[in-house]
Structures are given as C-alpha cells and as structure tokens.
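Okay, structure first, notes after.
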Amino acid sequence: MNILLIGSGGREHALAWKIAQSPLCQRLVIAPGNPGMAALGECRDVKATDVVGLVVLAREIAADLVVVGPESALAEGLADGMALAGIPCFGPMKKAAQLEASKAFTKDFCKRHNIPTAQSETFDNAAEARAFLKTYSPPYVIKADGLAAGKGVAISPDYQDAVAEIEAMLGGRYGPASSNIVIEEFMTGEEASVFALCDGETAMLFGWAQDHKRAFDGDTGPNTGGMGTYSPAPVVTPDLLRVTQNDILAPTMAGMKAEGNPYKGVLYAGLMIEDGKPRLVEYNARFGDPECQVLMLRLKSDIVPYLMAAATGGLKQLPPPEWHDEPAVCVVYAAKGYPDSPLSGSIIRGAEQDFGRDVTVFHAGTSRDADGNLRAAGGRVLNICARGKTLQDARDKAYAAINQIDWPGGFYRTDIAWRAL
C-alpha cells in the first residue's frame, strides 16, 4: 500500500513509526512531516490544512489510504475532499468532526442522546454569561467553543477570575474559536482517555491512557495540550470500559448515524471518573497527543489493517487488537514559556542518539537548520517515551533518557504517572 500521513507533530511521528513497521506499507509519504519522521518516509511540504494540495498529493502518489493526524485538517474538511476524490481516508468528515471542533455542538448532542456529561450552557454575550455564573458555585469551568490547540479551557477559582476569563475569551483571546463559550459544572474525580476506532457502524476499543494537562508538577500551572501520559491506567477497569462502551460510545455512534453524520476514524473520549462511573469531559476526533505515543509503543498488532477497516468499513471482521503487557510512559519536553509564549530556535543536542531498545524519542516541534542542528520549533518539542517491565521501570527509563539530552531551553514535568505510582 501507498499511505499518505497528514501532520507534523509527536502524534504523527508515532503513527509514522508504527505504520512504517507494517509489511503492508510499501511507500509512506508524510505531509508536512518533521525532522524525526524523515527517516521513516518521504516528507512533502504541504500544510495539513491545504485540502486541495493534499488531494493533489494523494493522487500523485496513488495513495491507497490517507491517515489524518491533526484536528485542524479534519475541521477544514480534508476527509470530505478525499471522499470526493474516491480515496479512502482515516478520519471523520467535517460535520462528524464537529464532535471536537465545537464543544457547543457536542454538549447539545449529548443532551439529545442522553450521554452522561457535565451540565452546561453556551453563550456569545458576556453579560448573559456573567449572570449565568451566579447559578453555579466555584470553581468555574469556561471553555472556548472551537479549536484552541488544547488550551481553550479555564478553571477559575472565584467569580472575579471567571468573569475575566469570559471577557478575555469573548473578546478574542482565541480568535473565532472563542466567539462562543461553554460554561459547565465542575466535575470531580479522576480523568482518563479511552480510544475507539469507528467505521460508521462499529466502535472498537483501541487503548486507554491517562494524561497530565497542567504544565507543572503536582498538577499546577496553566492547562496545556498535555505534558505526559502513561498506559495502561489503573483507573480504567474492565467494568469502566463496559459502561463507557454502552453508555457513551454506542449511543454516540448510533446518534451520529441517525443524524446523517456517520463517524469514521478514531474517537477519543476524555472521561471524568467518579465512584467508578464515567462522564464525558470532551470528544476529540483524532488520536490524543501525547496519548497516541504510548498506545503505539504498546500496540502489538499491525495498525494498518485497522486504519483501513475504519476508513472503508469492516471493523467487525477484525479481531480485537493485541497489546504488549509492558506499560509505557511518555514525558513531554517543552520549550520554556509554553503554553503561553514558548521560546523557539534553541539548539537541542543528544536527542537523536540510541537510547536502547525500550526508549523512543518522537519529534513534536522541531526543525533542522542549515548546519544540521536540531532546533526547537514549537511549544511541545520532544516526546521521550519508554516501555518497561513495570510502570516505574518505564518511567525511570524515560527520565534517564531525558537526562542525556542537552537542551537548556526546555522543561518537563518530573512526576508523570504519579497517580498510578
């Protein structure tokens, strides 16, 4: 098969790493890719949101399958473009991708289909939003309706802070993404991420993990796109997966189909778990980043048949995926100043050495200069991932690798997987 992978981050590097291992993959082309992916396939300089350019590229390489990594491409309608060109695409159509692209859409959808989630209301007017706040007790949860690179959520400890967040968001902090906001009740419990592959009819469980959203140790600091993750997560029990499948995933699949937007691709359910019962925090229309990285390290099965079946139908004909028993950990190495003002351009040394069989470094935001130096070119820059006999072993290996990387311009959390350990 000729496979076109879309994206340039750590999630896409992990997907490229796994796809390249498949005996079914004859040619892997990545657009736009990054320096880390260059060893796995051909990188083409076409932006992930350039739908026309990507359709042209898919036709040029006679792609048998297009795999979409980032949510921005889905929101632009890349899967729709590939469908019009008759090219199988792993990823939902634009209307189905609203499950991530619009929090207001998803909240209304959950109400229509009795999917357990936090109570909420949507606003485009600051005065009405401020008045509604008074019906809730702190802490207050305020979310930008649209895509904000994982940063459009504020948890405010008091009324004054919440008002400031409302006015900043509706005032354009995230551009069009925060022209509407969602205010919802604060849910307590433990968060986890559950993934399912979907072909429009069937939702097949495809791994689970626990993420760390806050920037600093002890779950402090601003929300980020994710500072690290581990899999499996003890909070995700067989009973929890059964309830998630029956009460959240199945009605979502049935509801999307009934409303004329059958969902194909991967559906990422962010859950809040309290007393063993899950409620939906949010949906994402793609693999989590950095959850995807630990899933790819643990996935024993060839991923390509599953991606193809999700794109074309027939997931029911495939067996459940097999997983390595060893836990996996991913630690995000971010540029200082992330998430608000990450510093770009600093040189990174030692990230491309051989760290041993159990450690893999995925590039999330890097570039290569004219002299061959690796440089920081984003907020989250490297993902240091490891598998181990135990979760502690995997974590120790990841941090040992970080200690061998010379990058004064970066920072990382030192407590990834603390809940399980």
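Source: prediction; values computed, not measured.
Side-chain contact between Leu5 and Val29 is absent, with no heavy atoms from C-beta onward closer than 4.5 Å. In this structure, Trp407 and Val381 have side chains that are in contact, with non-hydrogen atoms separated by less than 4.5 Å. The side-chain heavy atoms of Gln98 and Met93, taken from C-beta on, include no pair separated by under 4.5 Å. For the pair Met82 and Leu54, the minimum side-chain heavy-atom distance is below 4.5 Å.
For residues 345-398, the pairs satisfying ring pair (Phe, Tyr, Trp, His ring centres under 6.0 Å) are His13-Phe362, His13-His363, Trp17-Phe362, with sequence neighbours left out. Residue pairs meeting the salt bridge (Lys or Arg N to Asp or Glu O under 4.0 Å) criterion with at least one member in residues 352-364, sequence neighbours excluded, are Glu352-Arg368, Asp358-Lys397. Within the structure, every pair that satisfies the ring pair (Phe, Tyr, Trp, His ring centres under 6.0 Å) test and touches residues 130-181, not counting sequence neighbours, is listed here: Phe123-Phe132, Phe132-Tyr136. Annotation: ring pair (Phe, Tyr, Trp, His ring centres under 6.0 Å) contacts involving residues 221-260, sequence neighbours excluded, comprise His212-Tyr230. Applying the salt bridge (Lys or Arg N to Asp or Glu O under 4.0 Å) rule to pairs touching residues 125-142 yields Arg130-Glu167, sequence neighbours excluded.
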Which donor-acceptor pairs under 3.5 Å do side chains of residues 278-292 form with protein atoms, sequence neighbours excluded?
residue, atom, partner, partner atom, Å
Arg279, NH1, Glu185, OE2, 3.2
Tyr283, OH, Ile248, O, 3.3
Tyr283, OH, Thr252, OG1, 2.6
Asn284, OD1, Arg286, NH2, 3.4
Arg286, NE, Glu71, OE1, 3.2
Arg286, NE, Glu100, OE1, 3.2
Arg286, NE, Glu100, OE2, 3.1
Arg286, NH2, Glu100, OE2, 2.7
Asp289, OD1, Gln293, NE2, 2.9
Glu291, OE1, Asp289, N, 3.2
Glu291, OE2, Ser193, OG, 3.1
Glu291, OE2, Tyr268, OH, 2.8

Quick one: side chains of residues 232-247, donor-acceptor pairs under 3.5 Å with protein atoms, not counting sequence neighbours, listed by atom name and distance.
residue, atom, partner, partner atom, Å
Thr237, OG1, Leu240, N, 3.1
Thr244, OG1, Leu240, O, 2.8
Asn246, ND2, Arg242, O, 3.4

Pair up each side-chain donor or acceptor in residues 322-339 with any protein partner under 3.5 Å, not counting sequence neighbours, and list the distances.
residue, atom, partner, partner atom, Å
Lys336, NZ, Pro408, O, 2.9
Tyr338, OH, Gly225, N, 3.0

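Note that CD of Glu191 and CD1 of Ile273 are 9.0 Å apart. Values are rounded to the nearest 0.5 Å. Within the model, atoms OG1 of Thr360 and CG of Asn383 stand 11.0 Å from one another, a figure rounded to the nearest 0.5 Å.
A salt bridge links Glu259 with Arg112: at least one charged nitrogen is closer than 4.0 Å to a carboxylate oxygen. Using a 4.0 Å cut-off between charged nitrogen and carboxylate oxygen, Asp80 and Lys94 do not count as a salt-bridge pair. Classification of Lys277 and Asp275 as a salt-bridged pair fails, no side-chain N sitting under 4.0 Å from a carboxylate O.
Looking at residues two or more places apart in sequence or on another chain, you find a side-chain contact (heavy atoms from CB on, under 4.5 Å) between Thr122 and Ala104, Asn180, Val182. With sequence neighbours left out, the salt bridge (charged side-chain N to carboxylate O under 4.0 Å, His left out) criterion links Lys143 to Glu184. For Asp211, the salt bridge (charged side-chain N to carboxylate O under 4.0 Å, His left out) partners at least two apart in sequence or on another chain are Lys213. Qualifying side-chain contact (heavy atoms from CB on, under 4.5 Å) partners for Asp45, counting only residues two or more places apart in sequence or in other chains: Pro32.
A distance-only check finds a donor-acceptor pair linking the side chain of Asn403 to the backbone of Tyr399 [under 3.5 Å].
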Given Lys103 and Asp145, is the salt bridge (Lys or Arg N to Asp or Glu O under 4.0 Å) satisfied, shown in steps?
CA-CA 5 Å; Lys103 292 179 177 63; Asp145 174 46; over 6 Å; no
List the steps and the verdict of salt bridge (Lys or Arg N to Asp or Glu O under 4.0 Å) for Arg413 and Asp219.
CA-CA 9 Å; Arg413 282 183 56 161; Asp219 287 339; 2.9 Å; yes
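Asn34 and Ser8 are not linked by any side-chain donor-acceptor pair at a separation below 3.5 angstrom, with hydrogens and angles left out of the test.
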